[in-house]
Amino acid sequence: MNIKLHHFAYNTTPNNLELVLELLEKLGCTLAYRKENARWCMIEQKPIPIDIQIIETTDQPISIEKKTNTHIAFLSDTPKEDIEEIKQFLKDKSVKFRQGSWSDKELWFDLPDISVNFAIEIIHTSMVE
């Protein structure tokens with residue numbers, strides 16, 4: 001077999017796709033594909049050859065315990081500072097924000113009213129060295 005991983009898909013609540021795109025752009029991602037006014041899109045972070053599909057659904061957000069188990073993870077040299085910057089960005093947009101951690105190098109945040117089935121993790125680069 002010659003099979004390659006292509007993308008992952010995660011859900012957001014209705015009318016929040018643009019906000020999630022803006023947030024993911026802050027995390028270094030760019031829009032890879034969106035047809036006209038579709039309520040879903042593909043994002044990428046080059047040169048990584050895997051996309052993330054974000055789809056608006058009418059599903060209710062799952063518990064935070066389940067969301068943190070299906071997180072989107074990013075590497076950073078400054079995860080604490082990055083989380084604070086994102087927290088302020090979302091506060092300025094009046095978006096509910098919650099955060100937690102598994103350690104001082106493995107931090108996560110959630111948009112409880114927007115992300116349906118995922119949280120976002122930012123981990124220190126030393127965790128993968």
Side-chain angles (χ1 to χ4, degrees):
M1 281 194 260
N2 184 17
I3 299 174
K4 295 180 183 177
L5 185 61
H6 184 262
H7 74 273
F8 301 92
Y10 295 98
N11 303 129
T12 65
T13 55
N15 304 310
N16 287 301
L17 184 62
E18 289 76 15
L19 175 70
V20 172
L21 283 172
E22 193 174 352
L23 170 64
L24 290 169
E25 285 174 354
K26 287 195 149 308
L27 295 168
C29 298
T30 57
L31 181 65
Y33 178 80
R34 183 175 182 189
K35 186 173 182 174
E36 299 170 8
N37 293 323
R39 302 314 299 162
W40 68 273
C41 67
M42 304 289 279
I43 62 154
E44 64 186 359
Q45 190 180 57
K46 292 189 182 224
I48 302 165
I50 300 169
D51 292 346
I52 299 172
Q53 184 176 21
I54 305 295
I55 308 164
E56 285 188 358
T57 69
T58 57
D59 297 338
Q60 294 299 307
I62 61 176
S63 71
I64 189 58
E65 294 79 18
K66 290 182 180 179
K67 283 184 179 184
T68 56
N69 283 334
T70 57
H71 55 268
I72 301 170
F74 292 87
L75 294 172
S76 171
D77 291 329
T78 56
K80 290 178 185 175
E81 293 85 350
D82 296 333
I83 292 270
E84 286 306 311
E85 184 177 329
I86 290 163
K87 185 178 185 177
Q88 186 60 52
F89 163 75
L90 293 167
K91 181 179 178 184
D92 293 345
K93 294 188 172 290
S94 301
V95 174
K96 190 174 177 183
F97 178 88
R98 95 178 120 188
Q99 69 186 83
S101 66
W102 289 283
S103 72
D104 63 337
K105 294 182 178 185
E106 300 166 294
L107 313 176
W108 59 261
F109 69 90
D110 174 44
L111 313 180
D113 298 329
I114 295 175
S115 69
V116 171
N117 58 353
F118 67 97
I120 295 178
E121 180 183 28
I122 301 180
I123 58 178
H124 195 272
T125 51
S126 66
M127 296 296 293
V128 296
E129 293 175 349

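We're numbering straight along the sequence, starting at 1. Computed from a predicted structure; not experimentally measured.
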**Hphob cluster co-occupancy, I55 + F118, side-chain heavy atoms under 4.5 angstrom** = no
**Request:** Measure the shortest side-chain to side-chain distance between E44 and M42 over non-hydrogen atoms and say whether it is less than 4.5 angstrom.
**Result:** no
**Request:** Using the side chain to side chain donor-acceptor pair (under 3.5 Å) rule, pick out the option among N16, N11, N15 that qualifies with T13.
**Result:** N16
**Request:** Please name the pair of heavy atoms, one in F109 and one in L23, separated by the smallest distance, quoted to 0.1 Å.
**Result:** CE1-CD2, 4.0 Å
**Item:** Reported CD1-to-OG distance for the pair I54 and S115, which is rounded to 0.5 angstrom
**Value:** 9.5 Å
**Prompt:** Is the backbone N or O of L24 less than 3.5 Å from a side-chain atom of Q45, with the two atoms forming a donor-acceptor pair by type?
**Reply:** no
**Fill in**
Tightest non-hydrogen contact, residues L111 and K67, listed as O-NZ, 3.8 Å
**Prompt:** Got P14 and T58 here, is their nearest side-chain heavy-atom distance under 4.5 Å?
**Reply:** yes
**Asked** Is it true that L31 and L27 fall in one hydrophobic cluster, defined by side-chain heavy atoms closer than 4.5 Å?
**Response** yes
**Item:** Inter-residue atom distance E85.CD - L90.CG, 0.5 Å rounding
**Value:** 10.5 Å
**Fill in**
dist L17:CG -> C41:SG (nearest 0.5 Å) comes out at 4.5 Å
**Item:** K96 vs I114 side-chain heavy atoms within contact, under 4.5 Å
**Value:** no
**Asked** Of all heavy-atom pairs between L19 and V95, which one has the smallest distance, and what is that distance?
**Response** CD2-CG2, 3.6 Å
**Message:** To the nearest 0.5 Å, what is the distance between CD on E84 and NZ on K91?
**Reply:** 10.5 Å
**Message:** When you compare the side chain of I64 with that of W108, does any pair of heavy atoms fall below 4.5 Å?
**Reply:** yes
**Message:** Looking at every heavy atom in both R34 and L21, which two are closest together, and how far apart are they?
**Reply:** NH1-CD1, 4.0 Å
**Request:** Look at the side-chain heavy atoms of Ile, Leu, Val, Met, Phe, Trp and Tyr, link any pair under 4.5 Å apart, and say whether V20 and I52 land in one connected group.
**Result:** yes
**Complete:** So CG of N117 and OG of S63: to nearest 0.5 Å the spacing works out to 11.5 Å
**Prompt:** Do K105 side-chain atoms and M127 backbone N/O form a donor-acceptor pair below 3.5 Å?
**Reply:** no
**Item:** Contact check, side chains of K26 and F89, non-hydrogen atoms, under 4.5 Å
**Value:** yes
**Item:** S103 side chain to E106 backbone, donor-acceptor under 3.5 Å
**Value:** yes
**Prompt:** So do I123 and L75 actually touch side chain to side chain, heavy atoms under 4.5 Å?
**Reply:** yes
**Request:** Please check if atom CD in Q60 has more than 12 non-hydrogen atoms from other residues, nucleotides or ligands closer than 6.0 Å.
**Result:** no
**Complete:** On a heavy-atom basis, the closest approach of A32 and D51 is CB-OD2, 4.2 Å
**Asked** Are a donor atom and an acceptor atom from the side chains of E65 and N69 found within less than 3.5 Å of each other?
**Response** no
**Message:** Donor-acceptor check, side chain of H124 to backbone of S126, threshold 3.5 angstrom: yes or no?
**Reply:** yes
**Request:** Could you state whether V128 and I50 fall into the same hydrophobic cluster, counting links through intermediate Ile, Leu, Val, Met, Phe, Trp or Tyr residues with side-chain heavy atoms under 4.5 angstrom apart?
**Result:** no
**Fill in**
Rounding to 0.5 Å, atoms CD1 (I122) and CG (L107) come to a distance of 7.5 Å
**Request:** Could you tell me whether W40 and Y33 have their ring centroids closer than 6.0 angstrom?
**Result:** yes
**Atom of P112, atom of P61 and distance for their closest heavy-atom approach** = O-CG, 3.4 Å
